[in-house]
Chemist: 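Okay, here's the structure, questions in a sec.
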Amino acid sequence: LNPHFSKARYNLAMAYIKSKNIKKAVTILEGFLEKDTANIDILSSLVYSYHELGEYKKGIEIIKRILEISPDNSFALYNGGILFWKLDKVDEAISSLDRLQETNPEDFDVIYTLGNICYHTERYEQAVGYLEQFIEKNPGDVNAHLILARSYTKIEKYILALETYELLLA
């Protein structure tokens with residue numbers, strides 16, 4: 001294929017994504033995979049598209065391909081965590097995000113996401129650990145404080161919950 005034609009088709013797929021015409025974008029992106037199975041940009045765009053379409057299992061399959069090519073790929077590890085969570089595979093979600101946190105220890109959004117997943121899956125002790133780390137670096141984040149206070153309540157650490165709520169109201 002002419003490289004200019006390929007670039008134009010890729011740009012068209014990106015335009016479809018931006019305009020929320022995801023199915024057309026997927027058709028174009030899947031066509032690229034017939035000739036180039038290892039293009040991280042195309043694979044990443046497919047992950048995003050499958051997520052938008054609610055086709056989480058397809059997204060996970062593409063994430064696995066990305067991680068075969070690039071084992072520490074931040075995009076794949078983060079989105080793998082989110083997609084596994086959407087599929088109620090919480091252990092896999094936490095594992096993927098923990099792995100990302102190990103390779104990017106300063107990425108506090110990952111720590112927040114881990115705390116949020118743990119809270120919403122009733123793993124309150126774990127949620128507390130992640131959220132305390134996050135709040136240490138982001139003391140003004142209201143949502144993190146609220147989730148932390150709720151987690152403290154769920155594990156019957158009422159004084160810590162009250163102190164957390166009081167910090168928000170101060």
Side-chain angles (χ1 to χ4, degrees), residues 1-124 126-127 129-131 133-134 137-138 141 143-144 146-147 150-151:
L1 277 178
N2 177 325
H4 297 292
F5 178 75
S6 294
K7 183 69 173 169
R9 287 190 53 77
Y10 179 75
N11 288 338
L12 178 61
M14 296 303 96
Y16 280 137
I17 288 172
K18 288 178 183 169
S19 68
K20 299 295 180 192
N21 197 337
I22 307 296
K23 288 183 180 181
K24 283 189 176 183
V26 166
T27 300
I28 293 170
L29 294 167
E30 286 176 340
F32 278 116
L33 291 183
E34 294 171 9
K35 297 199 182 325
D36 187 358
T37 60
N39 185 309
I40 299 290
D41 290 334
I42 291 168
L43 294 169
S44 298
S45 297
L46 270 170
V47 168
Y48 173 83
S49 298
Y50 288 141
H51 184 182
E52 286 292 303
L53 293 171
E55 296 181 20
Y56 307 133
K57 288 181 182 177
K58 285 185 178 181
I60 292 293
E61 291 307 312
I62 300 296
I63 283 170
K64 289 177 182 176
R65 288 168 71 175
I66 293 172
L67 292 173
E68 286 174 9
I69 299 163
S70 176
D72 293 329
N73 184 289
S74 297
F75 173 87
L77 291 169
Y78 184 80
N79 285 283
I82 299 300
L83 293 178
F84 277 125
W85 182 27
K86 299 265 185 185
L87 291 168
D88 291 325
K89 295 183 177 187
V90 178
D91 290 332
E92 289 94 331
I94 291 171
S95 175
S96 184
L97 292 166
D98 273 338
R99 188 167 146 206
L100 177 56
Q101 185 188 13
E102 289 170 12
T103 60
N104 296 297
E106 297 301 311
D107 189 341
F108 298 107
D109 289 337
V110 174
I111 298 169
Y112 175 80
T113 302
L114 280 160
N116 199 24
I117 288 173
C118 289
Y119 173 78
H120 287 288
T121 57
E122 300 179 3
R123 297 170 186 224
Y124 303 115
Q126 283 180 282
Y130 290 123
L131 292 166
Q133 283 181 59
F134 178 80
K137 298 293 182 178
N138 299 280
D141 191 291
N143 287 330
L146 288 171
I147 297 169
R150 290 179 193 140
S151 296

Chemist: Which atom pair, heavy atoms only, marks the closest approach of Cys118 to Tyr130?
Modeler: SG-CE1, 3.8 Å

Chemist: Does Glu61 pair with Lys58 as a salt bridge, N-O distance under 4.0 Å?
Modeler: no

Chemist: Measure the spacing between CG of Asp41 and CE of Met14 and express it to the nearest 0.5 Å.
Modeler: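 So the gap between those two atoms works out to 8.5 Å.
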
Chemist: Taking the side chain as everything from C-beta on, heavy atoms only, tell me whether Lys24 gets closer than 4.5 Å to Leu12.
Modeler: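 When only atoms from C-beta onward are counted, Leu12 and Lys24 do not touch, as no gap falls below 4.5 Å.
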
Chemist: Please check this pair: side chain of Asn104 against backbone of Asp107, looking for a donor-acceptor N/O pair closer than 3.5 Å.
Modeler: no

Chemist: What about the rings of Tyr112 and Phe134, do their centers lie closer together than 6.0 Å?
Modeler: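 Distance test on ring centres: under 6.0 Å, yes.
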
Chemist: Under the 3.5 angstrom rule, does the side chain of Thr103 hit a backbone N or O of Leu100 as a donor-acceptor pair?
Modeler: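 Yes; judged by distance alone, with no hydrogens or angles, the pair exists.
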
Chemist: Any idea which heavy atoms bring Ser151 and Tyr119 closest together, and the distance?
Modeler: OG-CD1, 3.2 Å

Chemist: Are the side chain of Ser95 and the backbone of Asp91 linked by a donor-acceptor contact shorter than 3.5 Å?
Modeler: no

Chemist: Might you work through the side-chain contact (heavy atoms from CB on, under 4.5 Å) test for Asp141 and Phe108, ending with a clear yes or no?
Modeler: CA-CA 12 Å; Asp141 191 291; Phe108 298 107; over 6 Å; no

Chemist: Do Val47 and Arg65 come close enough that some side-chain heavy atom pair is under 4.5 Å?
Modeler: no

Chemist: Specify the closest pair of heavy atoms between Ile17 and Ser49, including all atoms of both residues, with the distance to one decimal.
Modeler: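 So the minimum-distance heavy-atom pair works out to CD1-OG, 3.5 Å.
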
Chemist: Is it the case that over 12 heavy atoms from other parts of the model lie below 6.0 angstrom from the CD atom of Glu122?
Modeler: no

Chemist: Check for a donor-acceptor pair, side chain of Ser96 on one end and backbone N or O of Gly80 on the other, with a separation under 3.5 Å.
Modeler: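 Checked: no pair found.
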
Chemist: With heavy-atom distances below 4.5 Å as the criterion, would you say the side chains of Lys23 and Glu52 are in contact?
Modeler: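 The answer is no, as the side chains (C-beta and beyond) never meet within the 4.5 Å cut-off.
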
Chemist: About how many Å separate CG of Asp36 and OG of Ser6, when rounded to the nearest 0.5 Å?
Modeler: 9.0 Å

Chemist: Got Lys57 and Leu83 here, is their nearest side-chain heavy-atom distance under 4.5 Å?
Modeler: no

Chemist: Would you compute the distance between atom CG of Asn116 and atom CG of Asp109 and round it to the nearest 0.5 angstrom?
Modeler: 11.5 Å

Chemist: Looking at CD of Glu102 and CG of Leu97, how far apart are the two atoms once the value is rounded to the nearest 0.5 Å?
Modeler: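 Atom-to-atom, Glu102:CD and Leu97:CG are 11.5 Å apart.
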
Chemist: Could you go through Ile40 and Ile66, starting from their C-alpha distance and side-chain angles, then the distance that decides it, and tell me whether this counts as side-chain contact (heavy atoms from CB on, under 4.5 Å)?
Modeler: CA-CA 6 Å; Ile40 299 290; Ile66 293 172; 4.0 Å; yes

Chemist: May I ask you to say whether Lys89 pairs ionically with Glu92, meaning some side-chain N is under 4.0 Å from a carboxylate O?
Modeler: no

Chemist: Hey, is the main chain of Leu33 close enough, under 3.5 Å, to the side chain of Thr37 for a donor-acceptor pair?
Modeler: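 Checked: no pair found.
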
Chemist: Can you give me the closest heavy-atom contact between Ala13 and Ile28, atom names plus distance?
Modeler: CB-CG2, 3.8 Å

Chemist: Say whether Tyr78 and Thr113, considering side chains only, have a donor N or O and an acceptor N or O under 3.5 Å apart.
Modeler: yes

Chemist: Roughly how far, to the nearest 0.5 Å, is CD of Gln126 from OH of Tyr124?
Modeler: 12.5 Å

Chemist: Under 4.0 Å between a side-chain nitrogen and a carboxylate oxygen: does that hold for Lys137 and Glu106?
Modeler: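 Judged by the 4.0 Å cut-off on N to carboxylate O distance, Lys137 and Glu106 do not form a salt bridge.
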
Chemist: Between Ile69 and Leu43, is there a side-chain heavy-atom distance shorter than 4.5 Å?
Modeler: yes

Chemist: Got a donor-acceptor contact below 3.5 angstrom from the Ser70 side chain to the Leu67 backbone?
Modeler: no

Chemist: Given side chains that start at C-beta, do those of Ile63 and Phe75 come closer than 4.5 Å, heavy atoms only?
Modeler: no

Chemist: Report yes if the side chains of Tyr50 and Val26 come closer than 4.5 Å at any heavy-atom pair, otherwise no.
Modeler: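 Tyr50 reaches Val26 side chain to side chain.
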
Chemist: Are Leu114 and Val110 close enough that some pair of their side-chain heavy atoms sits under 4.5 Å apart?
Modeler: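 They are in contact (side-chain heavy atoms under 4.5 Å apart), so the answer is yes.
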
Chemist: Compute whether any side-chain donor of one residue and acceptor of the other, for Asn39 and Tyr10, lie under 3.5 angstrom apart.
Modeler: no

Chemist: Search all heavy atoms of Ala93 against all heavy atoms of Gly81 and return the closest pair with its distance.
Modeler: CB-O, 3.1 Å

Chemist: So which atom in Arg123 and which in Ile94 form the shortest heavy-atom distance, rounded to 0.1 Å?
Modeler: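 Scanning both residues, the minimum pair turns out to be NH1-CD1, 3.7 Å.
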
Chemist: Can you tell me how far apart NE2 (His51) and CG (Leu46) are? Round to the nearest 0.5 Å.
Modeler: 14.5 Å

